[in-house]
Amino acid sequence: MKNKLIRITTVPVSLEKLLGGQLSFMKEHYDIIAVSSDRPYLEKIGKKEGVRTHCIPMTRRITPFKDLCALWQHIRLFRKEKPFIVHTHTPKAGTVGMIAAWLAGVPCRIHTVAGLPLLEITGIKGSC
């Protein structure tokens with residue numbers, strides 16, 4: 001039986017562009033589940049890569065109520081699927097996914113930083 005690996009991005013285009021071909025390659029060694037928002041686009045990528053998908057609505061903005069809902073949905077998914085690895089990409093998916101994976105007791109948690117948007121933000125969001 002293969003270990004389960006869940007890869008998470010906020011929006012499916014990140015799965016397609018950042019991870020293009022990785023999901024189909026890694027399914028040789030892991031039971032892969034791709035998690036993102038926008039169900040139709042996500043399912044298209046899942047079919048192309050030959051992996052299971054699970055849609056959890058997430059926004060790219062700071063939305064406390066929606067973010068808590070996404071956190072809860074991730075926790076439920078992890079408790080049900082019992083992955084060995086959760087690997088997140090993109091800022092929102094990383095924050096929500098890593099907290100949920102820790103709370104669900106996932107043994108291996110990885111986040112890949114593929115850009116630092118806060119370094120370029122000006123105004124109230126960028127002032128520290």
Side-chain angles (χ1 to χ4, degrees):
M1 177 179 237
K2 295 179 186 175
N3 282 328
K4 197 169 291 185
L5 166 61
I6 297 180
R7 304 283 298 262
I8 308 170
T9 62
T10 307
V11 293
V13 70
S14 298
L15 285 170
E16 183 176 46
K17 301 301 180 192
L18 292 175
L19 308 179
Q22 286 187 32
L23 299 175
S24 60
F25 172 78
M26 295 182 86
K27 75 178 182 183
E28 307 263 334
H29 307 282
Y30 296 93
D31 178 10
I32 305 285
I33 302 173
V35 176
S36 196
S37 56
D38 188 354
R39 184 179 312 277
Y41 194 178
L42 177 61
E43 289 176 351
K44 176 183 157 193
I45 292 167
K47 284 180 183 158
K48 179 181 174 187
E49 297 281 339
V51 299
R52 291 191 296 146
T53 61
H54 186 87
C55 181
I56 295 179
M58 290 178 275
T59 66
R60 296 174 79 184
R61 299 180 328 271
I62 298 169
T63 52
F65 181 73
K66 289 180 181 178
D67 297 343
L68 282 173
C69 290
L71 177 68
W72 177 244
Q73 289 179 57
H74 279 88
I75 292 168
R76 288 179 51 209
L77 174 67
F78 300 157
R79 286 181 178 163
K80 176 185 172 198
E81 294 291 342
K82 298 180 182 5
F84 180 68
I85 304 169
V86 167
H87 189 171
T88 60
H89 308 267
T90 69
K92 176 67 68 79
T95 302
V96 173
M98 288 294 100
I99 293 170
W102 178 72
L103 290 171
V106 175
C108 185
R109 302 175 299 274
I110 304 166
H111 176 70
T112 299
V113 177
L116 299 171
L118 292 178
L119 295 178
E120 299 174 4
I121 291 177
T122 58
I124 195 162
K125 283 186 182 178
S127 60
C128 296

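Only this structure's heavy atoms are used, side chains among them; waters, hydrogens and symmetry mates stay out.
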Below 4.5 Å, heavy atoms only, C-beta onward: do [X] and [Y] meet side chain to side chain?
X: Arg39; Y: Pro57; result: no
X: Ile110; Y: Ile85; result: yes
X: Ser37; Y: Pro12; result: yes
X: His74; Y: Ile8; result: yes

Of all residues at least two apart in sequence or in a different chain, which pass the ring pair (Phe, Tyr, Trp, His ring centres under 6.0 Å) check with Tyr41?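 Per chain and number, Tyr41 pairs via ring pair (Phe, Tyr, Trp, His ring centres under 6.0 Å) with no residue.
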Residues that His89 engages under ring pair (Phe, Tyr, Trp, His ring centres under 6.0 Å), provided they are two or more places apart: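 Expected list: His87.
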Can you name the residues that form a side-chain hydrogen bond (donor to acceptor under 3.5 Å, both in side chains) with Glu81, not counting sequence neighbours?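 Glu81: side-chain hydrogen bond (donor to acceptor under 3.5 Å, both in side chains) contacts with Lys4, Arg52.
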Is it true that [X] and [Y] fall in one hydrophobic cluster, defined by side-chain heavy atoms closer than 4.5 Å?
X: Met58; Y: Ile33; answer: yes
X: Ile56; Y: Trp72; answer: no
X: Leu23; Y: Leu77; answer: no
X: Leu19; Y: Val86; answer: no

Linking Ile, Leu, Val, Met, Phe, Trp and Tyr through side-chain heavy atoms less than 4.5 Å apart, which residues share a cluster with Met1?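 Members besides Met1: none; it forms no cluster.
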How long is the gap from [atom1] on [X] to [atom2] on [Y], to the nearest 0.5 Å?
X: Leu71; Y: Cys69; atom1: CG; atom2: SG; answer: 9.5 Å
X: Phe78; Y: His54; atom1: CZ; atom2: NE2; answer: 9.5 Å
X: Arg7; Y: Leu18; atom1: CZ; atom2: CG; answer: 9.5 Å

Distance-only criterion, 3.5 Å: show the donor-acceptor pairs between side-chain atoms of residues 91-109 and protein atoms not counting sequence neighbours.
| residue | atom | partner | partner atom | Å |
| --- | --- | --- | --- | --- |
| Lys92 | NZ | Thr59 | O | 3.0 |
| Lys92 | NZ | Thr59 | OG1 | 3.4 |
| Lys92 | NZ | Arg61 | O | 2.4 |
| Lys92 | NZ | Asp67 | OD1 | 2.7 |
| Lys92 | NZ | Asp67 | OD2 | 3.3 |
| Thr95 | OG1 | Pro91 | O | 3.1 |
| Arg109 | NH1 | Val106 | O | 2.6 |

Are Ser14 and Thr9 close enough that a side-chain donor and a side-chain acceptor fall under 3.5 Å?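 On atom types as modelled, these side chains do not qualify, holding no pair under 3.5 Å.
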Under 3.5 Å donor-acceptor, Thr90 side chain and Thr10 backbone: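 Looks like yes, one N/O pair under 3.5 Å.
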Determine the minimum heavy-atom distance between Lys82 and Arg79, stating which atoms define it.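 Lys82 and Arg79 have their closest heavy atoms at NZ-O, 2.8 Å.
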Using distance only, find each side-chain donor-acceptor pair of residues 43-51 under 3.5 Å and give its atom names and separation, not counting sequence neighbours.
| residue | atom | partner | partner atom | Å |
| --- | --- | --- | --- | --- |
| Glu49 | OE1 | Ser24 | N | 2.8 |
| Glu49 | OE1 | Ser24 | OG | 3.1 |
| Glu49 | OE2 | Gly21 | N | 3.2 |

